[in-house]
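Worth knowing before you read on, the calculation uses all heavy atoms, side chains too, and leaves out hydrogens, waters and symmetry mates.
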Amino acid sequence: MPPGRTTFMSPPLLEVDGLTKYFPVATALFPRRVAWVKAVDGIDFTVAAGETLGVIGESGCGKTTTSKLILLQEAPTSGTIHFDGQDIASLCGADLMRYRREVQVVFQDPFSSLSPRMRVSEIIAEPLQIHTDFTPEQQEARVAEVLELVGLRPEVARLFPHEFSGGQRQRIAIARALVTNTRLIVLDEPVSALDVSIRAQIMNQLEELQARLRVSYLFIGHDLATVAHISQRIAVMYLGQIVELADALELCDKPLHPYTQALFTAALPAHPDEKHEKLAISGEVPSALDPPSGCRFHPRCPHATARCSVETPLRRDVAPGHSVACHLY
């Protein structure tokens with residue numbers, strides 16, 4: 001992880017407060033009876049300008065649903081999302097178009113996210129055609145500019161996505177996300193589909209772009225090393241809730257929640273001779289259709305007490321900038 005993490009004191013660019021998303025489900029025996037899948041259940045976090053907030057957790061914990069809510073691909077059941085001080089649920093007209101212009105996404109698989117029937121120049125210029133009144137000459141100049149920003153020659157604009165490697169396709173996807181002077185990019189596991197040798201190049205490229213453009217990232221992933229490397233702060237999600245949020249360095253040095261500790265136990269050590277305490281957890285992740293009462297992690301937690309099964313722990317600050325939802329603290 002790069003040394004000298006920046007402390008962000010400015011007002012948040014993105015502010016999420018009490019966000020929930022429940023999906024209705026009709027059972028086979030009782031088609032009129034509706035149950036609810038609690039995909040996201042009351043989460044709070046902020047992202048400052050020029051900051052990277054990492055979100056980690058097992059598959060099904062609600063990471064991708066959270067990103068869809070921010071991207072307005074899903075409507076929240078309750079809670080609010082403020083961007084630059086405005087509630088995005090109330091945006092319409094020009095304000096809504098501005099939001100869609102300033103908040104972009106880079107998906108996990110660059111081959112699936114780029115149309116195989118369009119040339120690179122058309123792929124990157126498409127947001128400009130929607131959100132600006134640029135002339136064709138201005139669009140061409142802007143496409144060449146962002147291609148150079150992500151380390152590609154402007155001449156490649158005439159090629160098709162299948163003519164590139166996986167890492168180059170992801171650079172094209174990043175260029176498309178940046179072309180409208182974006183302020184926040186949701187990175188949904190952007191390097192997990194790439195070869196290990198290419199991941200570091202893309203990560204370094206993202207860091208260079210952030211330093212140069214002061215763009216913010218919401219980095220979603222499940223690989224601890226990747227998320228910790230690029231993030232200033234990390235939020236740990238479990239079954240729709242954030243159980244711990246802290247500065248990346250502090251979280252790596254002193255994880256507090258038993259689930260966070262278990263994630264670090266499961267990760268490979270940085271060195272083969274490194275010794276670290278093992279925290280074994282058993283069982284599978286419960287269903288979001290019927291989450292456990294009290295602390296949702298208590299059926300798998302080796303430190304669970306009777307209180308954990310009946311009382312939901314609130315996320316509280318245990319140190320400046322470090323909050324955890326656990327009765328142990």
Side-chain angles (χ1 to χ4, degrees), residues 1 5-6 8 10-21 39-40 42-59 61-74 76 79-89 99-110 113 170 173-174 176-178 180-193 202-203 205-207 209-211 213-224 226-238 240-248 251 321 323:
M1 191 183 313
R5 290 294 192 188
T6 303
F8 295 88
S10 58
L13 177 66
L14 180 75
E15 187 172 8
V16 172
D17 184 22
L19 189 64
T20 66
K21 179 60 181 178
V40 176
I43 62 173
D44 310 279
F45 62 83
T46 61
V47 182
E51 180 189 20
T52 300
L53 175 69
V55 182
I56 62 172
E58 294 170 286
S59 297
C61 71
K63 305 187 300 295
T64 298
T65 301
T66 300
S67 71
K68 288 182 177 181
L69 293 168
I70 293 170
L71 294 167
L72 292 175
Q73 295 177 345
E74 296 283 354
T80 59
I81 303 172
H82 285 83
F83 181 78
D84 204 14
Q86 286 188 294
D87 186 348
I88 68 171
Y99 179 78
R100 294 195 180 279
R101 181 171 65 248
E102 295 184 349
V103 179
Q104 295 289 323
V105 60
V106 174
F107 295 102
Q108 177 179 358
D109 184 3
S113 65
Q170 197 63 297
I174 295 169
R176 179 178 58 184
L178 290 170
T180 56
N181 295 314
T182 306
R183 300 174 68 190
L184 172 69
I185 299 180
V186 177
L187 299 162
D188 191 356
E189 303 199 28
V191 296
S192 62
I202 298 299
M203 298 288 285
Q205 183 75 70
L206 288 169
E207 291 179 321
L209 290 168
Q210 186 174 60
L213 305 175
R214 198 167 166 72
V215 63
S216 302
Y217 298 142
L218 182 67
F219 193 100
I220 296 171
H222 59 263
D223 180 76
L224 277 169
T226 300
V227 175
H229 173 82
I230 198 172
S231 304
Q232 281 82 38
R233 293 184 300 134
I234 298 175
V236 182
M237 286 192 72
Y238 183 78
Q241 298 178 337
I242 293 178
V243 297
E244 188 166 3
L245 194 155
D247 177 86
L251 190 76
S323 60

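Taking 4.5 Å as the limit, every side-chain heavy atom of V243 sits out of range of all side-chain heavy atoms of M237. Residues I185 and V105 are not in side-chain contact: their nearest non-hydrogen atoms beyond the backbone lie 4.5 Å or more apart. Side-chain contact check for V55 versus L218: some heavy-atom pair is nearer than 4.5 Å. Two residues are said to be in side-chain contact when any heavy atoms from C-beta on lie closer than 4.5 Å; D87 and H82 meet this criterion. Looking only at side-chain heavy atoms (C-beta outward), L187 and L206 come within less than 4.5 Å of each other. Contact annotation: the side chain of R214 never approaches that of R183 to less than 4.5 Å [non-hydrogen atoms, C-beta and beyond]. Taking 4.5 Å as the limit, some side-chain heavy atom of V40 sits within range of a side-chain heavy atom of T66. At least one side-chain heavy atom of H229 sits under 4.5 Å from a side-chain heavy atom of M203.
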| said: Pair L245, V236 - check side-chain contact (heavy atoms from CB on, under 4.5 Å), show working. | reply: CA-CA 6 Å; L245 194 155; V236 182; over 6 Å; no
| task | Starting from the C-alpha separation in whole Å, work towards a yes-or-no answer on side-chain contact (heavy atoms from CB on, under 4.5 Å) for I70 and F83. | result | CA-CA 9 Å; I70 293 170; F83 181 78; over 6 Å; no
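Contact record, S216 with A49: OG-CA, 3.3 Å, taken as the closest heavy-atom pair. Taking all atoms of both residues into account, the shortest heavy-atom contact from D247 to Q232 is OD1-O, 3.3 Å. Taking all atoms of both residues into account, the shortest heavy-atom contact from L53 to A235 is CD1-N, 4.2 Å. Heavy atoms only, all atoms of each residue included: V47 and Y217 are closest at CG1-O, 4.1 Å. Scanning all heavy atoms of the two residues, the minimum distance from L69 to I88 falls at O-CD1, 4.1 Å. Considering every non-hydrogen atom in both A248 and A228, the closest pair reads CB-O, 4.2 Å.
In this structure, Q104 contributes its side chain and R100 its backbone to a donor-acceptor pair below 3.5 Å. Remark: side-chain polar atoms of E51 are paired, donor with acceptor, to backbone N or O of A48 under 3.5 angstrom. With hydrogens and angles disregarded, no donor-acceptor distance shorter than 3.5 Å links the side chain of T46 to the backbone of E15. Between the side chain of D84 and the backbone N or O of L13, no donor-acceptor pair lies under 3.5 Å. Side-chain N or O atoms of S192 include one that pairs as donor or acceptor with a backbone N or O of E189 at under 3.5 Å. Side-chain atoms of K21 never come within 3.5 Å of backbone atoms of E74 as a donor-acceptor pair (strictly under, hydrogens ignored).
Once rounded to the nearest 0.5 Å, the distance linking CG of L71 with OG1 of T64 reads 10.5 Å. Rounding to the nearest 0.5 Å gives a distance of 5.0 Å between CD1 of I220 and CG of D188. Atom CD of Q170 sits about 8.5 Å away from atom CG of D109, to the nearest 0.5 Å. Remark: R176 CZ to L178 CG distance equals 11.5 Å, nearest 0.5 Å. The CG atom of L19 sits 4.5 Å away from the CD1 atom of I81 when rounded to the nearest 0.5 Å. The structure places CD1 of I202 at 5.0 Å from CD1 of I174, a figure rounded to the nearest 0.5 Å.
Considering only residues two or more places apart in sequence or on other chains, E244 meets the side chain to side chain donor-acceptor pair (under 3.5 Å) condition with T260, H322. Considering only residues two or more places apart in sequence or on other chains, F107 meets the ring pair (Phe, Tyr, Trp, His ring centres under 6.0 Å) condition with none of them.
Side-chain atoms of T180 and E102 include no donor-acceptor pair closer than 3.5 Å.
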